[in-house]
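Below: one structure, written as structure tokens.
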Amino acid sequence: MPDISRDEVAHLARLSRLALSEAELDAFAGQLDSILHHVKAVAEVATGDVPPTANPSEITNVTRPDVIVPGLTPAQALSSAPNAEDDRFAVPQILGESE
């Protein structure tokens with residue numbers, strides 16, 4: 001006996017506002033029944049001794065400690081800039097605003 005009937009598929013289609021033809025209802029009823037049988041088989045697997053986990057492999061994030069190092073001075077950063085103004089890069093205005 002199937003786990004889901006054609007009438008239940010039609011009801012789900014109405015709830016989902018899907019317009020399904022008679023052939024589609026028959027096809028989807030078979031497909032959904034097959035899916036439910038596979039889900040039931042997976043649910044029957046004995047997992048009582050398996051601890052819950054997000055990943056079966058142990059994953060370790062490889063990081064290094066942060067080390068503070070001196071950065072560039074404003075003069076060094078702007079030394080190759082084509083145009084600089086007030087210790088900042090100066091670029092052409094593109095939006096026509098004065099901000």
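Start at 1 with the first residue, then count along the sequence. In this text the structure is predicted, and so the values were computed from the model without any measurement.
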message: Determine whether a donor-acceptor pair (N or O, by modelled atom type, separation under 3.5 Å) exists between the side chain of T53 and the backbone of N55.
response: yes

field: Q76 CD: over 12 foreign heavy atoms closer than 6.0 Å
entry: yes

query: Taking side chain as C-beta onward, heavy atoms only, is L12 less than 4.5 Å from I4?
result: yes

query: Are N83 and F89 close enough that some pair of their side-chain heavy atoms sits under 4.5 Å apart?
result: no

- request: Please confirm whether the backbone N or O of S21 pairs with a side-chain atom of E24, one donor and one acceptor, at under 3.5 Å?
  value: yes

- prompt: Near H11 NE2, under 6.0 Å, is it more than 12 heavy atoms from other residues, nucleotides or ligands?
  reply: no

From R14 atom CZ to R17 atom CZ, the distance as rounded to the nearest 0.5 Å: 13.0 Å

statement: To the nearest 0.5 Å, atom CG of D33 lies from atom CD of E8 at 10.0 Å

For a quick test of your reading: what N or O donor-acceptor pairs under 3.5 Å do the side chains of residues 56-72 make, sequence neighbours left out?
none

task: Search all heavy atoms of V9 against all heavy atoms of A29 and return the closest pair with its distance.
output: CG2-CA, 3.6 Å

task: With the side chain counted from C-beta on, respond yes when D3 and K40 share a heavy-atom pair under 4.5 Å apart, and no when they do not.
output: yes

task: For the pair E44 (side chain) and A41 (backbone), establish whether a donor and an acceptor sit closer than 3.5 Å, ignoring hydrogens and angles.
output: no

- prompt: Got a donor-acceptor contact below 3.5 angstrom from the S34 side chain to the G30 backbone?
  reply: no

